[in-house]
**Q** 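One structure, pasted below without further comment.
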Amino acid sequence: MAEPEFNATGVRIERWLRSLTRAGQVVISDGRLALLTSYGTEIDSAPLGAVQAHKPLFAARDRALATLNGHRYSLTLGAPERFLKAVQAARSPRT
């Protein structure tokens with residue numbers, strides 16, 4: 001497996017009002033975004049072309065929203081800007 005382009009651990013992952021994990025992991029590698037539990041079990045993954053990610057207007061500074069396979073996830077990261085930049089960089093075509 002190639003070196004991940006982005007890897008964040010200790011991420012709280014929620015779907016609607018339900019917390020899926022409080023210490024999960026977000027990995028961007030090989031053109032895919034994967035959400036993992038603290039045990040490494042995959043919650044959801046999708047190709048970056050099908051992923052929508054943004055920072056919500058009225059939320060805490062450490063939050064980002066990601067939509068994978070039609071499911072909306074709230075991610076509480078230490079630095080959501082790095083996550084959003086990594087998604088944009090991985091999406092952009094390389095020359």
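Values below: all heavy atoms of this structure, side chains included; hydrogens, waters and symmetry mates excluded.
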**Q** How many angstroms lie between atom CD of E81 and atom CG of D62, to the nearest 0.5 angstrom?
**A** 9.5 Å
**Q** For the CG atom of L48 and the CD atom of E5, what is their distance to the nearest 0.5 Å?
**A** 7.5 Å
**Q** Hey, is NZ on K55 packed in by over 12 heavy atoms from elsewhere, all under 6.0 Å?
**A**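 Result for NZ/K55: enclosed.
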**Q** Let me confirm one number: the CG-CZ distance from L77 to R12, rounded to the nearest 0.5 Å.
**A**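 Rounded to the nearest 0.5 Å, the CG-CZ separation comes out at 12.5 Å.
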**Q** Applying the side-chain contact (heavy atoms from CB on, under 4.5 Å) criterion to I43, which one of L36, T37, V26 satisfies it?
**A**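 When L36, T37, V26 are each tested with I43, the side-chain contact (heavy atoms from CB on, under 4.5 Å) holds only for T37.
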**Q** If you measure from OG on S74 to CG on L20, what distance do you get to the nearest 0.5 Å?
**A**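 Here the interatomic distance stands at 10.0 Å.
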**Q** To the nearest 0.5 Å, what is the distance between OH (Y73) and OG1 (T67)?
**A** 10.0 Å
**Q** Search all heavy atoms of T21 against all heavy atoms of S38 and return the closest pair with its distance.
**A** OG1-N, 3.7 Å
**Q** To the nearest 0.5 Å, how far apart are CG in L75 and CG in L84?
**A** 9.0 Å
**Q** Above 12 or not: heavy atoms from other molecules or residues under 6.0 Å from CD of Q52?
**A**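 No - once you tally the heavy atoms of other residues, nucleotides and ligands closer than 6.0 Å, there are 12 at most.
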**Q** For E14 and S19, work out which heavy atoms get closest and say how close.
**A** CG-CA, 4.0 Å
**Q** Between N69 and S45, is there a donor-acceptor pair closer than 3.5 Å when you use the side chain of the first and the backbone of the second?
**A** yes
**Q** Could you check whether any side-chain heavy atom of V11 comes within less than 4.5 Å of a side-chain heavy atom of L35, counting everything from C-beta outward?
**A** no
**Q** Give me the atom names and distance for the closest heavy-atom approach of L68 to D44.
**A** O-OD2, 3.4 Å
**Q** What's the shortest heavy-atom distance between A64 and P56, and which atoms?
**A** CA-CD, 4.1 Å
